[in-house]
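Every chain is numbered from 1 and lettered A, B, ... according to where its sequence line falls, protein lines coming before strand lines.
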Amino acid sequence: MTQHHQDQHEPAAGNTADGRIKKPRHKKFQTQSYGERMAADAAAASPAAGEVRDDTARGERRGGPTQYSDRGVRSYDRAPVKGYRAERANQPRREDDRPQYRRDDRPAYKRDDRPSYQRDERPTFKRDERSRDERPSYQREERPRNERPSYQRDERPRFERSDRAERPTYGRDDKQHTKRDEAPVDLGTVAPDNQFAELGIAPRLIQRMARDGITTPFPIQAATIPDALAGKDVLGRGQTGSGKTLGFGLPTLMRLAGGRTESRRPRGMILVPTRELAMQVHDALEPLAHVMNVSLKLIAGGLPYPKQIDALRRGVDLLIATPGRLIDLCEQGAADLGAVEIAVLDEADHMCDMGFMPAVTTLLDMTPASGQRLLFSATLDNDVDTIVKTYLKDPVTHSTESGQATVTTMEHHLLVIEPGHKQSLTAELASRDGRTIVFVRTKLGADRVATQLRDRGVMAAALHGGLTQGARNRTLDQFKDGSVPVLVATDVAARGIHVDDVGLIVQADPAADHKDYLHRAGRTARAGGKGAVVTLVLPHQRRGMVRLAESAGVDAEPVRARPGDQLVTELTGGNKPSGYPVKLPAPKPQRFGKGGGKGGKRFGSSRPGRGHDSRGGSGPRRSNGPRRTDGKSYQH
DNA sequence: AAAAAAC
């Protein structure tokens, strides 16, 4: 191909002065796909990066780098198409799959930076308008009959379709029907000295909480509830386990009670950083929401779309959501945040770090500025500050605790160890009776340490974000019900997750900063219980760790330690790992019912089920998923 | 720097 010939077909690329062809315009479309990112992560963490990779690894199945980049590049290599279709055909084949908020390739004059609720063309879900056809019938082309997505389709003839009453109950979680059934509130049963009443909480909420033994507000609740009820923006700071959930939950429910919520336009939104946390907040608020006739819905990734979309369409008062899925639903037009009266940001310091910030601001931008905003956080640092400045109006700040380690029932130990002892020491510490959480730095590390512990006779399971949602739930359930006493986790479990009676936290990899340290430590000594936090420190980490402990307000001197030392024995109660490998308890077999019966209804199911992986008991395991990485070597 | 958050 001559130079002349080439120029003919690449006029758009434009030449630079030195005669080289500029980068093609669609270079920007070559962003990493999800599968690619995962593969890249794995490759980066593995010492074998760049060498021959196992073809059955995760990346391959999800459309790994080889396949994908081939596809992306092909449009350059192909002979250019001429003629009227040229422009279209020479476009890259791949769609841009970045989320809307990260895609701003339009020229500045075309951009619209106004929040969506201020724009005229709101991206609402326009099924109704679309189905209306103004043209005379002879001009209409035949449309396929079933345009609705499969989950909305009803194939049966109309006369056979069931009415509301016959719909299965799992499809009806809009608690609207309870409005009429609600018994009149008996004010007499609220104890006169109940302090929640003094804060202004509705009697029926007080009664409901009293049934669960909640009669006295925690300090953070006492501090923030009155202001939140008064409609002010609140900035609440309290340590994990200090009762923040009710601190924002009660005012939110009070505010949303009895109002009208339009289809797809929720009036309340609670944002949390992890799916597990979303689930926990949802479960904590559900009974309370019920007595207030407030409908709520969990909106999180890893769950089927249809029920979430359906709930939104019917109209749900309050969303408890992780950012990614909620943005997704808004882009689809299934949700519209333009009617949100009260928005809550939980674990704000985490939600405001670099990775999360764009998603959070996108969502907050979609809510009306006139709405009330509550922001709760364990610590307040620079990132939180920018959110506060941008989105809160004259916020009232309440900090009940210093943000440092003030729980007196918690003891901290810094053990300076030799690198070769880390495994055996971890195993020894984890072999104690009672629940233990071992924190590690990476996903791969979590898998590796869990395997090592099981090989040494300690029943341990890994928990991290690379597992399927089903596996995450199963593991957490097993940890809660005691069948697996040791959880090896990344920082996915560092924040907010509440499990009773975790007596020991082992930081096999030290926390990255003092905030992470305190969050991890906060998994133990909850609700006044006792607990210990042991950090394994390698010699070269010692200086940094001492400084970190200082800024965390932790009073602990680094101590040299070896397996079998007296201090270690005290912490473990003298237990030693058996040395005989153990296997994880088999997941309980679950009947696989088509059409979504009861089993695995929601990822909060307390039953350990097999979820999507269910394909009968003894069949070969599908060759995917992070468990493959178990045996991979890994170095610090 | 890792982890988390969407198919």
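In this structure, A:L298 places its CG atom 14 Å from C1' of B:dA5, rounding to the nearest Å. The separation between A:R441 atom CZ and B:dA4 atom C1' is 16 Å, rounded to whole Å. Atom C1' of nucleotide B:dA3 and atom CG of A:L444 are separated by 13 Å, given to the nearest angstrom. Regarding A:R275, its CZ atom lies at a distance of 13 Å from the C1' atom of B:dA3, rounded to whole Å. Rounded to an integer number of Å, the gap from A:D513 CG to B:dA2 C1' is 11 Å. Nucleotide B:dA3 holds its C1' atom 7 Å from the NE2 atom of A:H350, rounded to whole Å. Residue A:L467 contributes atom CG, which lies 12 Å from atom P of B:dA3 at whole-angstrom precision. As rounded to whole Å, 16 Å separates atom P of B:dA1 from atom NZ of A:K443.
Remark: the backbone N or O of A:R313 is paired with a side-chain donor or acceptor of A:S263 at under 3.5 angstrom.
When each of B:dA5, B:dA2, B:dA4 is scored by its nearest atom to the side-chain atoms of A:T442, the top-ranked nucleotide is B:dA2. Looking at the side chain of A:F356, the nearest of the listed nucleotides B:dA5, B:dA6, B:dA1 is B:dA5.
There is no side-chain donor-acceptor pair under 3.5 Å between A:R275 and A:T322. Side chains of A:T367 and A:R373: a donor on one and an acceptor on the other come within 3.5 Å. Using modelled atom types and a 3.5 Å distance limit, the side chains of A:H519 and A:D491 yield no donor-acceptor pair.
Checking the phosphate oxygens (OP1, OP2) of B:dA3, no side-chain nitrogen or oxygen of A:R520 falls inside 4.0 Å. Of the side-chain N and O atoms in A:T322, none sit less than 4.0 angstrom from OP1 or OP2 of B:dA4.
No contact: A:D491 has no heavy atom under 4.0 Å from any strand.
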